[in-house]
Amino acid sequence: MRFYLLVLAVAVAGIAANSALARQPLKNDPHRPVEKIAADLDIAPGQFVACFSNVNPAPQGSRASGARETANKAILLPCLQAANPAISNTRLDAVMDKYRPEGRVAGK
């Protein structure tokens with residue numbers, strides 16, 4: 001019985017941590033609408049925050065260089081696919097472009 005209570009307590013703590021994480025803005029890009037992006041990717045907001053935490057976005061108001069975009073995608077896409085294998089490179093680009101203030105990035 002104690003084992004089941006421990007498992008339940010750990011599960012509840014994990015859900016609470018994921019929920020709290022999702023309500024926080026991204027430290028490296030606080031203007032991104034986390035909940036909307038996560039919903040479009042069909043993942044939990046906390047999963048998006050965790051995956052995005054190692055991304056190095058371009059400064060606000062500027063566009064990422066091709067090298068920076070490639071490096072960020074190499075970090076972000078596999079992490080997101082671990083949460084939802086249906087996320088393709090094309091889908092990720094479309095969702096991120098949708099919420100990018102300047103719109104679609106040229107050359108995609």
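Being a predicted model, the structure only gives us computed values, none of them experimental.
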Do Lys73 and Leu92 come within less than 4.5 Å of each other through their side chains, counting heavy atoms only?
-> yes

Pro78: partners by side chain to side chain contact (heavy atoms under 4.5 Å, CB included), with sequence neighbours left out = none

Of all heavy-atom pairs between Ser88 and Gln81, which one has the smallest distance, and what is that distance?
-> CA-NE2, 4.4 Å

Who are the side-chain hydrogen bond (donor to acceptor under 3.5 Å, both in side chains) partners of Asn72, not counting sequence neighbours?
-> none

So the salt bridge (charged side-chain N to carboxylate O under 4.0 Å, His left out) pairs with at least one residue in residues 45-54 (sequence neighbours excluded) are none

Is Phe52 close to Ile37 at the side-chain level, that is, under 4.5 Å between some pair of heavy atoms?
-> no

Contacts of type side chain to side chain contact (heavy atoms under 4.5 Å, CB included), residue Cys51, not counting sequence neighbours | Leu76, Cys79, Leu80

Contact list for residues 76-85, test salt bridge (charged side-chain N to carboxylate O under 4.0 Å, His left out), sequence neighbours left out | none

All side chain to side chain contact (heavy atoms under 4.5 Å, CB included) counterparts of Asn84, not counting sequence neighbours = Asp42, Ile43, Ala86, Ile87, Arg91

Tightest non-hydrogen contact, residues Gln47 and Ala83, listed as NE2-CB, 3.6 Å

